[in-house]
Amino acid sequence: MANLPPLSLHIPEPSARPGEQSGVAAVQLPEPGETRRPDTLAVEADMRDLPFGLIRVLDDQGVAVGPWIPSVSPDLLRHGLRSMMLTRIFDDRLFRAHRQGKTSFYMKSTGEEAIGAAQSMVLGGGDMCFPTYRVMSWLHARGYPLTEMVNQVFSNEKDPLKGRQLPILYSARAYGFYSLSGNVGSRFGHAVGWAMASAYKGDDKIALAYIGEGTTAEGDFHEALTFASVYHAPCILCVTNNQWAISSYSGIAGGDETTFAAKAIAYGIPGLRVDGNDFLAVWAATEWAAERARSNKGATLIELYTYRAAGHSTSDDPTKYRPADEPEAWPLGDPIERLKQHLITLREWDEDRHAMLADELDQLVRVAVKEAEAVGTLGKSKPPVSEMFEGVFKEPDWRVIEQRRELGV
Amino acid sequence: MPIELKMPALSPTMEEGTLAKWLVKEGDAVKSGDILAEIETDKATMEFEAVDEGTIAQILIAEGTDGVKVGAPIAVLLEEGEAAGAPAARPSESRSGEAAVPQPVEAPKDEGKPPIPESAVPHQMPSGARDLVADVVDSEKAGVDARDPELPEGTKMVKMTLREALRDAMAEEMRADDRVFVMGEEVAQYQGAYKVTQGLLDEFGDRRVIDTPITEYGFAGVGTGAAMAGLRPIVEFMTFNFAMQAIDHIINSAAKTNYMSGGQMRCPIVFRGPNGAAARVGAQHSQNYAPWYASVPGLIVIAPYSATDAKGLLKAAIRCEDPVVFLENELLYGQSFEVPELDDFVLPIGKARVARAGSDVTLVSYSIGVGVALEASIKLAEEGIEAEVIDLRTLRPLDKETVLASLKKTNRIVVVEEGWPTCSIASEIAALVMEHGFDDLDAPVLRVTNVDVPMPYAANLEKLALLKADDVVKAAKTVCYRG
């Protein structure tokens, strides 16, 4: 013992910092089609290899390969592509609107659009999604009215959330989209509770929740997994591993030591690691987990391996902490390009139609933003003051009533 | 020498119990660790083990005897070689929790007073909390706590403990509505850490009475999610001291989601459990969170004193569309009160109760503080001061009208609170009275609270840290200028 060197503290570091060559392209990943697909009713103990694989369906040419190819009609694939493109065009326009002072804050889903779009299409109307702020493609895939969304971002008189919530922290119960929390992680536990309630009621509905890889360090993640495991809660628990929690790379959350999907092993629930930029892989894994949950086999943890191609929010400049070329170097590409390529190889799509769709969506977003602007942008049009006092309690207490009277509303 | 075996205590506040069963008979040889008897309280059953080896010489209390005082001799044990019928030894002076400890035979050094017979000394752990309980018992005996005027004329009253009243409230609501269920640590098989869920598992099964992993944050979150899925969870915290971990779900999720979602997602949930000081449980387990929760818009906060209010308000809480924090008190669980025998007894949330009418000074309190205030009112009456005691019952929304109406009558207010003074409910009452009743005040509002330090463990310090009826008397006399 006497000859041991002194202890030294390990501080994880990403592969590269600004000005250096990103190391993400060199990451060793399983090939498309390589990771096996067990039966949805298989015993968890027999699938503990899956968290270390990577479910990939689309190869580099856009051809679907391997055991996870889902059965999705070209119409649905085109709808998925459209939803992802709409999400990106919407994000880009609203991000620019922020720079012109039309809103105080915005967060883009860039690079992660396949996740919300595919999962929203796989799950049913009565199921409930417990979102994070980077799965807006869930709402776009379900046709949430664009103008209402912009009204919320602009916090104007027609804001469906009545001026009570930050931009993009939507609630859309009718679209299976639970209220977004600014305190990250807390919704993971709610999802498990919601799923347990569904089982309690003898219903057939399931819950799906998201948490960022950074937030897996919160107790929320572990407590939710404990309950999901103990009570076989019918839910799908998703870690969107987009490599970056603001400026902290995934290693700061433990990603260098093991995969996030592997955390499932300790809880005795299946853990799937999925290429989050592959629309078909996300679709197939979600379908697998949903079928398992609806068969009373409980929860699945899915790590969606992806890349946050944009900054964390309008307040963030990622070039300060990661190489500027890292988004382009990401080895799993752009989810929109990959699904587009796949549809082209199926002869169900082409460049002209793609360009036309992009124009059409751009027009839709322009119209929606114009309509919302006509109501008013941030500070130009305001939610009614009386709304401040609604919804605190079912019946207002004397304090609410007195405050309201004092303001004369 | 013969050893007196004494009635043991299951908890620091246990006063008496039932000697349910003897497992030995006179003449039996026993060794250390043998089970001698089973002792029961309304809360639990305990096996009573022999500490020493010897022979059971005499059984002093027959099995099946109720109301055996803690510390009373229940049997005599002879150690090896001792003859039966040896003269009864001088009683032990031990005050430790041991059932029996051999003592030296010599006479005590202090010859001034004859030794006190052991059987006359209650064998209890000293605690300042005992004084609070004594105030509750005294004022109940004296009958100063007024019957709720809202009860229908001729309502039959039955005696029951606060613990039973809470259980009945949950059971009635669970019978009426399948959406209601209970979850928490030890609520099912163990019947609740404080036996509040006694019998619920038997009646409703494990689907509706759910034991959870040990994570307050975890089950508070799961309960919140279940409420938003349309169920009506009752989440039991073993104590609110442990709910500190869960406070994010209570405040950031349960209390706000309806508001932040533009009214799309209600959260009808009850978070309940004991709050405030118990007996000798130290700094981390003796805190009153009422002011914390009552400061949050979106939360209903209820803290009942009597079993009647506990029952009627818990039923109301379970039916409430808003999230409710329901603060109980461990020291009150075993106290008996008169409770109306009615099929569906529900009380309004947000209404205080005049627990004792008076004209000279208003004592405002809630939870166990009401017992202290009532005790003080008895002492004040002896000195010719008639105190009106107001039990707030609900802390949010707080019944300002009842407080101000009483102030109009008495022109003096003392707030009595088992908790810290800083940023307290007492502070809130003082502010409300300043804002809305200044012209009615003939004296400054005074607060009688615990001392502003973390709760110490040692009995003498604990006693000093807790509020006292005598301090309430003093404060009342001060505001009446009779000090």
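Protein chains get the first letters and strands the later ones, always in sequence-line order, with residue 1 at the start of each. Below, each value reflects all heavy atoms present in this structure, side chains not excepted, and no hydrogens, waters or symmetry copies.
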Examine distances only and state if a side-chain atom of [X] and a backbone atom of [Y] form a donor-acceptor pair shorter than 3.5 Å.
| X | Y | value |
| --- | --- | --- |
| A:Lys201 | B:Ala229 | yes |
| B:Asp322 | A:Phe393 | no |
| A:Gln165 | B:Met260 | no |

Over all atoms of both residues, closest heavy-atom pair of [X] and [Y]:
| X | Y | value |
| --- | --- | --- |
| A:Gly391 | B:Asn258 | O-ND2, 3.0 Å |
| B:Met265 | A:Ser171 | CE-CB, 4.4 Å |
| A:Ala197 | B:Leu231 | CB-CD1, 3.3 Å |
| A:Thr226 | B:Pro213 | CG2-CG, 3.9 Å |

Indicate yes or no: at least one non-hydrogen side-chain atom of [X] is less than 4.5 angstrom from one of [Y].
| X | Y | value |
| --- | --- | --- |
| B:Ile210 | A:Tyr231 | yes |
| B:Thr215 | A:Phe227 | yes |
| A:Ser181 | B:Asn252 | no |
| B:Gln264 | A:Ser179 | no |

> Taking the inter-plane angle between the rings of B:His436 and A:Trp398 on a 0 to 90° scale, is it parallel (under 30°), tilted (30 to 60°) or perpendicular (over 60°)?
Replying inline: perpendicular
More than 12 heavy atoms of other groups within 6.0 Å of [X] [atom1]:
| X | atom1 | answer |
| --- | --- | --- |
| B:Lys400 | NZ | yes |
| B:Lys351 | NZ | no |
| B:Gln284 | CD | no |
| B:Asp344 | CG | yes |
| A:Leu407 | CG | yes |

When rounded to the nearest 0.5 angstrom, what distance separates [atom1] in [X] from [atom2] in [Y]?
| X | Y | atom1 | atom2 | answer |
| --- | --- | --- | --- | --- |
| B:Ser261 | A:Tyr178 | OG | OH | 9.0 Å |
| A:Met196 | B:Arg207 | CE | CZ | 12.0 Å |
| A:Asn183 | B:His249 | CG | NE2 | 10.0 Å |
| A:Asp397 | B:Leu398 | CG | CG | 10.0 Å |

> With chain A, which of B:Pro397, B:Gly230, B:Ser253 has the greatest number of heavy-atom pairs at distances under 4.5 Å?
Replying inline: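 The residue among B:Pro397, B:Gly230, B:Ser253 with the greatest pair count is B:Ser253.
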> Who wins among B:Phe181, B:Tyr217, B:Tyr259 for the most heavy-atom pairs under 4.5 Å with chain A?
Replying inline: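 If we count pairs closer than 4.5 Å to chain A, B:Tyr259 comes out on top.
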Sort [X] into side chain, backbone, both or neither according to what part of it lies under 4.5 angstrom from a heavy atom of chain B.
| X | value |
| --- | --- |
| A:Lys394 | both |
| A:Asp159 | neither |
| A:Phe221 | neither |
| A:Glu402 | side chain |

>> Between B:Arg179 and A:Tyr200, do the side chains contain a donor N or O and an acceptor N or O under 3.5 Å apart?
In response: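 On atom types as modelled, these side chains do not qualify, holding no pair under 3.5 Å.
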> Which atoms of B:Leu432 come close to chain A, meaning under 4.5 Å heavy atom to heavy atom: side chain ones, backbone ones, both, or neither?
Replying inline: side chain
> For B:Ile300, is it the side chain, the backbone, both, or neither that has a heavy atom closer than 4.5 Å to a heavy atom of chain A?
Replying inline: both
> Is A:Arg399 salt-bridged to B:Glu435, going by a charged N under 4.0 Å from an acidic O?
Replying inline: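 Looking at B:Glu435 together with A:Arg399, the answer is no, because their closest N to O distance does not fall below 4.0 Å.
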